Amino acid sequence: MDKQGFTTSIVHGDRITGTEHGGVRQPIHTSVQYGFERVEDLIGVFQGTRKGGFNYARQGTPTTAALERRITSLEDGLGSICFGTGMAAITAIFLTLLRAGDHLVSSRYVFGNTNSLFGTLRTLGVEVTTVDAGDAENVKNALQPNTRMVFVETIANPGTQIPDLQGIGELCRERGIVYVVDNTITSPALFRPKAVGASLVVNSLTKTIAGHGAALGGAVTDTGLFDWSAYPNIADDYRRAPAKEQGLLQIRKKGLRDMGASLSSEQAHSIAMGAETLALRVKQSSDNALALARFLQGHEAIGKVFYPGLESHPQHGVAQALFKGASWLLSFELRDAERMAEVVNALRLPIKATGLGDTRTLIIPVAPTIFFEAGAETRKAMGISDGMLRLSVGIEDIEDLLADFEQALKLAA
Ligand SMILES: *Cc1c(COP(=O)(O)O)cnc(C)c1O
């Protein structure tokens, strides 16, 4: 069949690749063990000569494999591996592809737990340098002879900084460095990092890909652009595979199989159901976020508004050029930080909760919660003020959201 559109290929994917009894979606396979009539087939699955077989659920089930196909299709990649959480996916990349003595360059603006993971990498002998990746020159200046990998996020949380995605991609290609892009905030509905030369793409499936906030999951997708035959850290065992497949094979064996942060079939099924409406939800929540950002920008009680869809955003041009929308992540500052509790408590629709990419709007004050442990100095360096509020905008009707913010902000005016 011709290459189909984004949503068409998601909603028909399971049926076309085949299910039992004509089921339109892949069922939940709960079996841990997989048995064979002939012992040769069992051996073939172990040795990788019998493609598509299963032996033990820690390494995957037909249900997780169906979700992996779905993610691969969303990212237009070569293949994907699903994990129990987004952090497990990121950890598997770092621990299986980096060795003591290697160097990693990352954007300074990354998810808090990823930043905390850099501390662990340093204790294991991996050097980590963080830079302002808004300019590829800063990444270039940080490169060392032992730099093996560059890591960025598409839109940073909570400050919405966007790296020079294209420039860094060109730099990594020239130098033969693995380029890892965490696509969680944009999701493949707004942006495919393959377009800027990413080698590996990370998605926290927990967020907007599932969308319902009822399952945890993560995925790594290989775009097929990186030449693993020249990468020094691939174990001899995996060199026998075709060059393009070696990276993902090592992540699956050393990361998923050995480290064991597997996704269950139940969660995979739940995520796959959510993913069917990804493009529709992201469109609605991004449109809502833009309307809210415009409203907030003009409000007397509000200081800065952080949203890449606004012309005033420093990387507005990059967002316009690369993304189909500016996402559902929106932060803003109350001019009077002391009125924070009053205003947030007056909001009726947004749920006072952490979490991102839900169908419901979520709100959280940044400094006293997700960046509390970071301390005042780090917050200042990251541009996080005491009055900063982060919104994960949902798919509610925009009139209701605007009316709610209008009544709550009267208190702060
Ligand atoms: C939430 C998040 C993660 C981690 O995902 P979990 O599924 O919660 O482990 C990684 N990166 C980004 C950008 C995130 O927002």
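Being a predicted model, the structure only gives us computed values, none of them experimental. Just follow the structure's listing: the first ligand is 1, and inside any ligand the first atom is 1.
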Exercise. Strictly under 6.0 Å, is that where the ring centroids of F151 and F94 end up?
Worked result: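 Yes: the rings meet the under 6.0 Å criterion.
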Problem set entry | Partner residues of N288 under the side-chain hydrogen bond (donor to acceptor under 3.5 Å, both in side chains) criterion, sequence neighbours left out |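 If we apply the side-chain hydrogen bond (donor to acceptor under 3.5 Å, both in side chains) test to N288, skipping adjacent residues, there are no hits.
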For this session: Scan side-chain atoms only and decide if T160 and H313 contain a donor-acceptor pair under the 3.5 Å cut-off.
Result: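 On atom types as modelled, these side chains qualify, holding a pair under 3.5 Å.
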Exercise. Do the side-chain N and O atoms of E153 and N183 include a donor-acceptor pair separated by under 3.5 angstrom?
Worked result: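 Per modelled atom types, E153 and N183 side chains form no pair under 3.5 Å.
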Problem set entry | Aromatic ring pairing F226/Y231, orientation class (parallel under 30°, perpendicular over 60°, tilted between) |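 F226 and Y231: perpendicular rings.
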Problem set entry | Heavy-atom neighbours of K380 NZ exceed 12 at 6.0 Å |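 Count not over threshold, so no.
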Contacts table for ligand 1: protein N or O within a distance under 3.5 Å of ligand N or O, distances only.
| unit_1 | atom_1 | unit_2 | atom_2 | d |
| --- | --- | --- | --- | --- |
| ligand 1 | 5 (O) | S204 | OG | 3.0 |
| ligand 1 | 7 (O) | G86 | N | 2.8 |
| ligand 1 | 7 (O) | S204 | OG | 2.8 |
| ligand 1 | 7 (O) | T206 | OG1 | 2.6 |
| ligand 1 | 9 (O) | G86 | N | 3.1 |
| ligand 1 | 9 (O) | M87 | N | 2.9 |
| ligand 1 | 11 (N) | D182 | OD2 | 2.7 |
| ligand 1 | 15 (O) | K207 | NZ | 2.8 |

